[in-house]
Amino acid sequence: MNNNNNNSLDLSDLAIRADLADYSPVRGCMVIKPYGYAIWELIQKELDQRIKACGHQNAYFPLLIPESFLKKEADHIEGFAPECAVVTHAGGEKLDEPLIIRPTSETIIYHMFSKWIHSWRDLPYSVNQWANVVRWEMRTRLFLRTTEFLWQEGHTAHATLEDADQEALRMLDVYLEFMRNILALAPYTGQKSDSERFAGAEKTYSLEVLLRDGKILQAGTSHNLGVGFAKAFNIQYQSKNNELTFVNLTSWGVSTRLIGAIILGHQDEKGLILPPKVAPIQVIIIPIFKTEDEKNKVMLECDSILAELKAEGLRVKLDDNEQISPGAKFHEWELKGVPVRVQVGPRDIEQKTVELVRRDKCEKIKSVLRTELSAKVKDLLTESHNFLYNRNLEWRNQNTHNNINSLEELTEVLDKKGGFANIHWDGSAEQENKIKEIAKATIRVRDFNEPKNEGKCIISGNKSMGKVLVGRAY
RNA sequence: CGGGAUGUGGCUCAGCUUGGUAGAGCGCUGUGUUCGGAACGCAGAGGUCGAAGGUUCGAAUCCUUUCAUCCCGACCA
């Protein structure tokens, strides 16, 4: 209601002004508008290819889950019960058993797995689904935490815990490659602490992105579920030596939160900066003219540019709205984060050139020869991706603080600089709680690339088996 | 669920203290001049002031109740 500040880092305001989404009449829910949904479709397309390349096929499981299913795995129900939306009435009558609107689909999928998996020959078994889920979160934020959100959840079953672990790590790697090469983001990857683990999992791995405002976003997770769910849902197979054995499961997912990661990971004071590979419009063409004669010439040129860039396979749009001035269009398309802008005016027609502007650096490239346009635009898109990725990587590295030796220092550095603190922690829940309560931060992950050097916990002074990344997250 | 704030044309808000029957900017419609970084003129359309009740000759304004939203915490992809 009262978004009257000009803080460019205000996500809700930006998402709405850039026309990605709007609030819905239901608290915490959002309407994803065409421009925002187009980003999601591009994310889906790229990720879906990668998931399928791993041998996982798509399927679809129902939205409604019997309440009793959630209760079968003790940790799972404990973790999810408070945030479930429950259907108690249907067809004008009270239901014998309430139905849960899925907050995630482990239970229904594993119920089906128990019917489908019988032999060691069935393993590994896997399925992925693109779906919506509902979690009644207390506080919501557009794209980062909405009551209903869209995601992809993959589920696999394996003979051994090691196989499951390998799969969970493989899918984490898929996400990492995707985030680097498609979203131009450089997350840390690693393992979660026990308290941050998914409800019902043995191990949870995650990707943690540093945003422009110094806060951290968990952008995706991959879980090794062990045999917990298999026991709860009785998923057993006959091994080669004819023994009934529980399977080891994994689940992994990323959501529309990735759009939040893109917005907050790349934005600047002018608005959105979309990574070229998921930009619904990669190139916007702006015609500039005064007279009718100029208009004819300029529009003819713009049409030819549009056709040429389309033929190159680029996502291009010609902004031929004559009601607003070119200057107004510059601002609008900058707000919307279009990576490359092509400006064509009478001067260009005369000189057989165009003017290019790249969004990431807001840099003008004047007098590009018309004949070199396509090549130059493609170069710019590649450069822009690299620029955004490197900026995010450097931002993360510069804001990873390694020399912190006390809880006070931890709090101070997070207050002043944000980012990640890489600290020794003794592994106890007691010290972890102090980090939460005093430094107002959480243990994000134990970074895979951090050498496992012994040290002393910065709080207790007890022995630490390696550093963990701590920070303030959304 | 605690703490804070706000509900007035599509959007951002003024008006409320000190009641007299609603205003600005932006946007929108039409039109003319503009157009290389957010153009301007003219003419228009659009509001039971979140809801209910009360006080009053009279309520956007005062009182009571209620609903909703946003921001800060606890919870989470």
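Note that these values count all heavy atoms, side chains included, but never hydrogens, waters or copies made by symmetry. Residue numbers start from 1 in every chain, and the chains themselves are labelled A, B, ... in the order their sequence lines are given, proteins ahead of strands.
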B/C72, OP1 or OP2 - any side-chain N/O from A/Arg141 closer than 4.0 Å? yes
Please determine if a side-chain N or O atom of A/Thr221 lies less than 4.0 Å away from the OP1 or OP2 oxygen of B/A77. no
Proximity to the side chain of [X] - top-ranked nucleotide from [options]:
| X | options | answer |
| --- | --- | --- |
| A/Arg257 | B/G36, B/C76, B/A38 | B/C76 |
| A/Lys270 | B/G37, B/C75, B/C76 | B/G37 |
| A/Thr146 | B/A39, B/A77, B/G37 | B/A77 |
| A/Ser255 | B/A39, B/A77, B/G37 | B/A77 |
| A/Phe198 | B/G37, B/A74, B/A77 | B/A77 |
| A/Tyr23 | B/G36, B/C70, B/A38 | B/C70 |
| A/Met138 | B/A38, B/C75, B/G37 | B/C75 |
| A/Glu83 | B/A77, B/C72, B/C76 | B/C76 |

Can you find a donor-acceptor pair, distance only, under 3.5 Å between A/Arg145 side chain and B/C76 base? yes
Could one point to a donor on the side chain of A/Lys290 or the base of B/G36 with an acceptor on the other under 3.5 Å away? no
Only pairs with both distances under 3.5 Å count, Watson-Crick or wobble alike; so what is the partner of B/A59 in this structure? none
Return the pairing partner of B/G19 with a 3.5 Å limit on both distances, Watson-Crick or G-U wobble; otherwise return none. none
Trace of the ring pair (Phe, Tyr, Trp, His ring centres under 6.0 Å) decision for A/Phe229 with A/Phe113: CA-CA 11 Å; A/Phe229 279 97; A/Phe113 273 18; over 10 Å; no
Stacking check: are the rings of A/Phe149 and B/A77 less than 5.5 Å apart at their centres and under 30 degrees in tilt? yes
A/Phe149 vs A/Trp151 aromatic rings, parallel, tilted or perpendicular, using cut-offs 30° and 60°? perpendicular
Classify the ring geometry between A/His111 and A/Phe69 as parallel (under 30°), tilted (30 to 60°) or perpendicular (over 60°). tilted
How do A/Ala473 and A/Val344 order along RNA chain B: which one's closest nucleotide is nearer the 5' end? A/Val344
Assign each of A/Lys440 and A/Thr147 to its nearest nucleotide of RNA chain B by heavy atoms, then name whichever residue's nucleotide is nearer the 5' end. A/Lys440
Supply the atom-to-atom distance A/Lys203 NZ to A/Leu225 CG, rounded to the nearest 0.5 angstrom. 12.5 Å
Nearest-angstrom distance from the residue atom CZ of A/Phe330 to C1' of B/A38: 10 Å
Please give, in whole Å, the distance from B/G73 C1' to A/Glu137 CD? 15 Å
Could A/Arg135 and A/Glu148 be called an ion pair, given the rule that one side-chain N must be under 4.0 Å from one carboxylate O? no
